[in-house]
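Lettering of chains follows the sequences in order, A, B, ..., and the numbering in each one begins at 1.
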2 protein chains.
Amino acid sequence: MIPRGPVVGQPGRADRVERALRGGGEATVTPTAQRRDARRSRERLLAAAAELFAERGYAGTSLRAVAERAGVDAALVARYYGGKDGLYRAVLAADPVVSPVVEEDDEGDVVDVVDDDETRRRAADELAGLLARTVDRWENSPATTVSQNVFRCDLDDAARAATAERVGERVLPLLRAAAEPPGGPDSELRAELATVILLGITVARTAGTLPALAAADPEELGVYARALLDAVLGCR
Amino acid sequence: MIPRGPVVGQPGRADRVERALRGGGEATVTPTAQRRDARRSRERLLAAAAELFAERGYAGTSLRAVAERAGVDAALVARYYGGKDGLYRAVLAADPVVSPVVEEDDEGDVVDVVDDDETRRRAADELAGLLARTVDRWENSPATTVSQNVFRCDLDDAARAATAERVGERVLPLLRAAAEPPGGPDSELRAELATVILLGITVARTAGTLPALAAADPEELGVYARALLDAVLGCR
DNA sequence: GTATGATGTCATCGCACGATGACATCGCCG
DNA sequence: CGGCGATGTCATCGTGCGATGACATCATAC
């Protein structure tokens with residue numbers, strides 16, 4: 001194709017109608033209604049990237065596809081995340097791994113905690129909660145990128161480290177605390193084996209290669225998962 | 001770059017010295033010594049592809065890299081396998097998933113069998129054998145492509161079907177036979193859960209994101225795996 | 001009203017990839 | 001010897017990708 005110079009009159013055609021419609025009611029709260037909202041663009045890019053990286057992997061996901069799903073121009077990835085790598089890192093950093101613990105504190109705010117100090121005391125309760133959240137993910141949501149990454153052998157060092165960090169924050173503490181005897185010789189190995197069980201079921205279910213697993217009732221699956229966790233963690 | 005026509009005198013410089021050296025001793029058995037051996041080229045391509053697909057995944061593996069590792073020209077992939085897809089399918093079809101059963105029959109030939117008829121009768125032995133072969137893989141070899149694919153969510157339908165077929169041939173029959181009661185209501189689900197445990201440990205170990213799992217002694221890991229298989233399959 | 005920084009859009013660059021076909025070389029058969 | 005099919009080699013094509021910078025548009029400050 002022959003290179004053309006800039007074209008006048010075409011770009012950025014100032015959708016005043018749409019803008020008037022969308023920005024209508026909330027002028028004082030958010031003067032910048034829909035368009036020209038950097039935070040919104042960043043968040044939409046992050047959400048679209050989280051979906052696509054989980055569905056198609058890093059190499060299989062193009063920035064153009066992410067931008068299209070986000071309804072945003074692909075060049076904004078470079079502006080807000082520095083490039084594909086930065087976007088991927090942001091996705092890993094925001095990955096919940098398992099469904100967040102949603103509790104309301106005294107003021108009614110929603111908080112998401114994996115309480116590291118009290119875990120040992122309430123180990124049994126916490127384990128049951130983790131299992132419930134995992135079963136919840138089996139019901140509703142596909143496996144996240146971090147969960148999948150635990151079983152991916154093609155990660156570079158940075159991605160592997162970020163994955164390990166997220167699993168270490170979100171999953172391992174509870175399982176470590178539930179391993180009996182606490183602090184025993186193999187407690188770390190047993191916690192990681194429990195991770196393989198929980199996340200392995202999650203990921204294999206999303207992958208869909210094992211038909212009975214993909215079709216199984218999540219509650220029934222939870223019963224088996226509980227038995228397996230007890231077997232490896234030594235709870236009874 | 002300006003297109004150039006064919007260059008005379010350069011290509012195919014007839015390494016007579018190397019050929020004479022390598023083909024030296026076995027003229028009658030294999031007249032075509034090293035060069036010009038289609039079978040060898042095919043096999044080297046397949047072996048290199050199996051390594052690289054397992055290390056870097058499908059999208060992360062280039063045909064040029066496969067050809068380089070195989071010591072072969074990249075165009076031969078098209079000739080012998082029709083393209084990248086065909087090469088990948090060939091790798092899946094040849095994937096042993098777990099280390100092959102090596103037995104010697106009466107004539108001393110080496111055979112690799114997963115005996116489907118006798119499995120039920122010898123279920124316990126077979127399960128122990130499968131576990132031993134899996135532990136052996138933990139000692140020596142990285143997880144194969146099929147094993148990894150059980151936990152990959154970015155497969156197309158053909159790759160998923162091929163993966164399911166290989167797992168169904170090589171792993172599931174033994175675990176199905178070991179599920180108690182045999183043919184019970186959840187035997188299929190339990191066999192698939194056992195697959196997730198065995199292959200999940202294998203793949204996560206190769207992935208290297210969980211440090212204690214990656215560093216664990218294979219024999220000790222085998223003890224835990226055995227307990228988990230017993231828990232889900234109902235053997236005791 | 002105008003200057004300025006923030007935000008969004010577009011065209012294009014260079015690169016790596018898979019695929020392809022033309023051509024060279026070899027071994028064999030008559 | 002001469003033809004021919006099998007095998008190997010090379011150059012190149014088209015494509016899609018990530019990255020980049022020039023430019024347009026908007027919101028706000030003054």
Visitor: To the closest 0.5 Å, what do you measure between CZ (B:R133) and CG (B:D136)?
Guide: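 Interatomic distance, B:R133 CZ to B:D136 CG, rounded to 0.5 Å: 10.0 Å.
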
Visitor: Supply the atom-to-atom distance A:L131 CG to A:L221 CG, rounded to the nearest 0.5 angstrom.
Guide: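 Between A:L131 CG and A:L221 CG, I get 9.5 Å after rounding to 0.5 Å.
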
Visitor: Atom OH of A:Y81 to atom C1' of D:dA19: distance rounded to whole Å?
Guide: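 It works out to 18 Å between those atoms.
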
Visitor: Return the CZ to CG distance between A:R64 and A:D73, rounded to the nearest 0.5 Å.
Guide: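 Taking CZ in A:R64 and CG in A:D73, the distance rounds to 10.0 Å.
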
Visitor: How many whole angstroms separate atom OH of B:Y88 from atom C1' of C:dC17?
Guide: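 B:Y88 atom OH is separated from C:dC17 atom C1' by 18 Å.
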
Visitor: Nearest whole Å is fine: how far is C:dG8 C1' from A:E68 CD?
Guide: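 These atoms are roughly 17 Å apart.
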
Visitor: Rounding to a whole Å, what distance do you find between B:R39:CZ and D:dG8:P?
Guide: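 For the pair B:R39 CZ and D:dG8 P, the rounded distance is 13 Å.
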
Visitor: Rounding to an integer number of Å, can you tell me how far A:L45 CG sits from C:dT9 C1'?
Guide: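 A:L45 atom CG is separated from C:dT9 atom C1' by 14 Å.
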
Visitor: Looking at every strand, decide which applies to A:A38 at a 4.0 Å heavy-atom threshold: base, sugar-phosphate, or nothing.
Guide: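 Touches sugar-phosphate only.
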
Visitor: Is any side-chain N or O of B:S41 closer than 4.0 Å to OP1 or OP2 of D:dT7?
Guide: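 Result: no.
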
Visitor: Please state how far atom CZ in B:R64 lies from atom P in D:dT12, giving the value in whole angstrom units.
Guide: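 Distance, rounded to whole Å: 13 Å.
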
Visitor: Please tell me which of B:D73 and A:S62 maps to the more 5' nucleotide of DNA chain D, matching each residue to the nucleotide holding its nearest heavy atom.
Guide: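 Nearest nucleotide further toward 5': that of B:D73.
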
Visitor: Check for me whether B:R42 meets the cation-pi criterion with B:Y81, that is, NZ or CZ under 6.0 Å from the six-membered ring centre and within 45 degrees of the ring axis.
Guide: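 Cation-pi check for B:R42 and B:Y81: passes.
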
Visitor: Of all the nucleotides listed (D:dA19, D:dA6, C:dG18), which has the minimum atom distance to the side chain of B:R36?
Guide: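 Nearest to the side-chain atoms of B:R36, counting from C-beta on, is D:dA6.
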
Visitor: Which residue lies toward the 5' end of DNA chain C, B:G83 or A:R79, if each is placed at its nearest nucleotide?
Guide: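 The residue mapped nearer the 5' terminus is A:R79.
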
Visitor: Just the rounded figure in Å: distance from C1' of D:dG16 to NZ of B:K84.
Guide: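 Atom-to-atom, B:K84 to D:dG16, this comes out as 13 Å.
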
Visitor: Find the distance between CG (B:L210) and CG (A:L189) and round it off to the nearest 0.5 Å.
Guide: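 With rounding to 0.5 Å, CG (B:L210) is 10.0 Å from CG (A:L189).
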
Visitor: Identify which nucleotide among D:dT12, C:dT9, D:dC17 has an atom closest to any side-chain atom of A:L76, counting heavy atoms from C-beta outward.
Guide: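 Of D:dT12, C:dT9, D:dC17, C:dT9 is nearest to the side chain of A:L76.
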
Visitor: To the nearest Å, give me how far apart CZ (A:R42) and P (C:dA6) are.
Guide: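 Distance check: A:R42 CZ to C:dA6 P gives 14 Å.
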
Visitor: The side chain of A:L63 lies closest to which of these nucleotides: D:dA19, C:dG18, D:dT9?
Guide: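 Per side-chain heavy atoms of A:L63, the pick is D:dA19.
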
